[in-house]
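Since the structure comes first, as structure tokens, the remarks are kept for the end.
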Amino acid sequence: MFNLDRHPSGRHFLQIPGPTNVPDRVLRAIDRPTIDHRGPEFAQLTTEILEGLKEVFRTSGPVIIFPASGTGAWEAALVNTLSAGDRVLMFETGHFATLWRAMAEKLGLVVEFVPGDWRSGVDPALVEAKLAEDRAHAFKAVMVVHNETSTGATSRIGDIRQAIDRAGHPALFMVDTISSLASIDYRHAEWGVDVTVAGSQKGLMLPPGLSFNAVSDKAIAASKQARLPRAYWRWDETIAMNRQGYFPSTPATNLLYGLHEALAMLREEGLPAVFARHQRHAEATRRAVRGWGLEVLCRNPAEYSGSLTAVMMPAGHDADAFRREVLDRFDMSLGTGLGKLAGRVFRIGHLGHFNDLMLCGTLCGVEMGLALRDVPHREGGVGDALAYLRENGATVARRAA
Ligand SMILES: Cc1ncc(COP(=O)(O)O)c(C=O)c1O
């Protein structure tokens, strides 16, 4: 029988790039009696959450919450704004861009999928070139995955916005921030994003089960013309009911308790400090990887991810066998290689509720696993990470007494 307490003593290390470790404060918030979602307390909860979400997405416009995983929010972004046969421009950054493309095609959209090497983000110059060629403005949307969770390459959304503007193209701009929101700097309004897609289980430090669309006025205008069939995913009904603090159908009440608490935690730490913490842990991780003599999958330092690091396994060594060893010996889950990277990379998640000593434990588990599996490497990568953490100190943010 499935037994949640089967883990050995101590905490399980959940170092996949999402779902991430859920803080005790959030778990305790979730562990409260479910209330009436049509009652007065609930309206206050919703109102406070919707305000807090705007701070995280950096928008003054609506943020719609779905009781769904990120895939639901992908679908909502498309069915609310587009019509069957519409052309959209996408970029093959990795597994998640490939899945979003497949969804768009299943819905009847015509995708131009610009090939990529699964080691890089989206090149803004390529966006500009593709859009400049499209003089008839056939592309109705440009869709980009901000942080490609399968590779650890982060696309430069602000630069891509400028590329779209330089091309003078009116396409909607949709961005998947499922593994970047509340981990890597992101600005929905300033970067002129029309639909931002996000999920609960990564930087927001919640269990899986909620996802989001932050929407611009332009996206709302597009939704009035769009013809793809939509019912459950409609934005308009949710936006209208949210004004009173309610939802058209039963919301995930207890996850919303958790979200309220997670937003409070992010506000206490401050988003700039949250982003700096992620960058620092990412840099320490890369130092460990280089110290081991292994290679970071992401090619371009300007695109290194703050959320995760994908590590290339030396030829002839199976990344999944290594991950299994680390799980069996040290009770730590590392991320698997996805799609065409299966068996060839493992991913270290360093996002969400995470601190220096959790990173040290994570990297120790990796270094011991490499030795146990006889993976060719140099010992001491952990030491390089420790030196970086020690010398580039950040004071632990404490709540005022
Ligand atoms: C960047 C990205 N997009 C989309 C998804 C799909 O989201 P979900 O698995 O929550 O449906 C994921 C999941 O990890 C992701 O990392």
Side-chain angles (χ1 to χ4, degrees), residues 14-22 57 64-79 88 90-107 111 113 116 118-122 143-157 160 174-184 186 188 193 195-214 232-233 252 255 258-259 262 278 282 297-298 303-310 333-342 345-352:
L14 183 63
Q15 297 319 134
I16 60 176
T20 59
N21 296 288
V22 180
F57 282 90
I64 295 130
I65 307 174
F66 299 104
S69 80
T71 303
W74 265 352
E75 179 160 349
L78 303 181
V79 296
V88 298
M90 297 188 72
F91 298 84
E92 188 197 1
T93 47
H95 184 66
F96 290 102
T98 303
L99 287 180
W100 202 9
R101 172 233 189 147
M103 168 185 275
E105 289 180 339
K106 283 179 206 155
L107 291 169
V111 182
F113 198 48
W118 290 49
R119 297 188 69 173
S120 316
V122 175
M143 290 149 59
V144 172
V145 175
H146 182 202
N147 184 69
E148 177 52 77
T149 323
S150 59
T151 67
T154 306
S155 291
R156 287 156 289 160
I157 300 301
I160 295 171
M174 301 198 205
V175 180
D176 169 339
T177 65
I178 289 179
S179 60
S180 58
L181 191 84
S183 307
I184 299 171
Y186 183 75
H188 173 90
V193 179
V195 187
T196 298
V197 175
S200 57
Q201 72 272 27
K202 307 204 188 226
L204 288 176
M205 306 178 288
L206 293 164
L210 293 180
S211 56
F212 309 89
N213 280 174
Y232 185 70
W233 302 115
L255 286 178
L259 177 56
H278 283 77
L297 180 68
C298 177
E303 296 173 337
Y304 282 154
S305 169
S307 300
L308 75 131
T309 302
S333 296
L334 296 167
T336 185
L338 293 168
K340 59 179 165 189
L341 296 172
V345 305
F346 64 92
R347 295 171 302 147
I348 303 173
H350 35 69
L351 74 166

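Computed from a prediction, not measured in an experiment: that's the story for all the values here. All ligand and atom numbering here is 1-based and tracks the order in the structure. Scope of the values below: all heavy atoms of this structure, side chains included, with no hydrogens, waters or symmetry mates.
- His146 pairs with exactly one of Ser179, Ser180, Ser305, Ser307 by the side-chain hydrogen bond (donor to acceptor under 3.5 Å, both in side chains) rule, that one being Ser180.
- When the side chain to side chain contact (heavy atoms under 4.5 Å, CB included) test is applied to Ile16, the partners found at least two apart in sequence or on another chain are Leu14, Pro19, Ser333.
- Considering every non-hydrogen atom in both Glu303 and Gly121, the closest pair reads OE1-N, 2.8 Å.
- Looking at every heavy atom in both residues, Met143 comes nearest to Ala104 through CE-CB, 4.5 Å.
- Near ligand 1, residues Ser69, Gly70, Thr71, Trp74, Phe96, Val145, Asn147, Thr149, Asp176, Ile178, Gln201, Lys202 come within 4.0 angstrom through at least one heavy atom.
- Note on residues 67-79: pairs passing side-chain hydrogen bond (donor to acceptor under 3.5 Å, both in side chains), not counting sequence neighbours, are Trp74-Asp176.
- Under the rule for a side chain to side chain contact (heavy atoms under 4.5 Å, CB included), the partners of Ser200 that lie at least two apart in sequence or sit in another chain are Leu206, Leu210, Phe212.
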